[in-house]
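Worth saying up front: this structure is predicted, and the values here are computed from it rather than measured.
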Amino acid sequence: SRAIGDRESEASCLNDLGLSYIVQKNYDEVKRCWEESVSILRSLGLEKRAAFGLHNLGILYMDQGDYVAALQYLEESLSINRAAGAKSDQ
């Protein structure tokens, strides 16, 4: 995906790669992959998809006991989803 410049597919692959790192309990790599995926999605203007990644990061941090980081990611995800819902109501 990266080689052909398909950034959206690259973000999707990074998300999947992060899932494989969960099985290996390599949480630093999970975070790296998911944060990069969110960054790519945001750069493409795909905020709703980025919100899903932020939610996943929030759950990951919560599972690791980092409740401050978890709350930040989950609140950001909620904010994006609320804004998207408000736009769809108009």
Side-chain angles (χ1 to χ4, degrees):
S1 301
R2 184 177 290 169
I4 62 171
D6 184 352
R7 301 288 286 163
E8 189 172 352
S9 291
E10 181 181 351
S12 182
C13 288
L14 283 162
N15 185 66
D16 293 345
L17 185 59
L19 292 172
S20 71
Y21 283 125
I22 285 177
V23 175
Q24 298 173 23
K25 297 182 181 357
N26 188 343
Y27 301 116
D28 288 337
E29 285 300 306
V30 175
K31 292 172 194 174
R32 183 192 61 77
C33 289
W34 285 356
E35 287 170 353
E36 187 176 351
S37 176
V38 166
S39 177
I40 290 169
L41 293 168
R42 285 189 149 163
S43 75
L44 296 172
L46 300 171
E47 286 294 315
K48 188 106 163 119
R49 286 194 50 203
F52 183 74
L54 292 167
H55 176 84
N56 286 346
L57 282 161
I59 298 301
L60 178 66
Y61 278 98
M62 188 169 39
D63 285 346
Q64 294 188 304
D66 187 344
Y67 300 112
V68 172
L71 189 59
Q72 290 172 340
Y73 280 109
L74 293 170
E75 285 179 340
E76 190 173 358
S77 176
L78 178 61
S79 176
I80 292 168
N81 279 302
R82 283 184 172 159
K87 288 179 188 173
S88 67
D89 290 342
Q90 296 175 355

> Starting from the C-alpha separation in whole Å, work towards a yes-or-no answer on side-chain contact (heavy atoms from CB on, under 4.5 Å) for Leu74 and Ser77.
CA-CA 5 Å; Leu74 293 170; Ser77 176; 5.5 Å; no

> Between atom CD of Glu35 and atom CG of Asn56, what is the distance when rounded to the nearest 0.5 Å?
12.0 Å

> Rounded to the nearest 0.5 Å, how far does CD of Glu75 lie from CD1 of Ile80?
12.5 Å

> Side-chain heavy atoms under 4.5 angstrom apart, residues restricted to Ile, Leu, Val, Met, Phe, Trp, Tyr: same cluster for Leu57 and Tyr21?
yes

> Ala70 and Gly58: which non-hydrogen atoms are nearest, and at how many Å?
CB-O, 3.3 Å

> Between Glu10 and Asp6, is there a side-chain heavy-atom distance shorter than 4.5 Å?
no

> Drop me the distance from Leu17's CG to Arg32's CZ, to the nearest 0.5 angstrom.
6.5 Å

> Of all residues at least two apart in sequence or in a different chain, which pass the ring pair (Phe, Tyr, Trp, His ring centres under 6.0 Å) check with Tyr61?
Tyr73

> Kindly write out the residues that satisfy side chain to side chain contact (heavy atoms under 4.5 Å, CB included) with Leu19, not counting sequence neighbours, or none if the list is empty.
Asn15, Asp16, Ile22, Trp34

> Using 0.5 Å steps for rounding, measure from the CG atom of Leu78 to the CG atom of Leu71.
10.5 Å

> Please round to the nearest 0.5 Å and tell me the distance separating atom NE2 of His55 and atom CG of Leu60.
11.5 Å

> Looking at every heavy atom in both Ala11 and Ser37, which two are closest together, and how far apart are they?
O-OG, 2.9 Å

> Ignoring hydrogens, what is the shortest heavy-atom contact between Cys33 and Leu14? Give both atom names and the distance.
CB-O, 3.3 Å

> Output every pair passing salt bridge (charged side-chain N to carboxylate O under 4.0 Å, His left out) with a member in residues 46-55, not counting sequence neighbours, ordered by first then second residue.
Glu8-Arg49, Arg42-Glu47

> Applying the side chain to side chain contact (heavy atoms under 4.5 Å, CB included) test to Tyr27, which of Lys25, Glu29, Gln24 qualifies?
Lys25

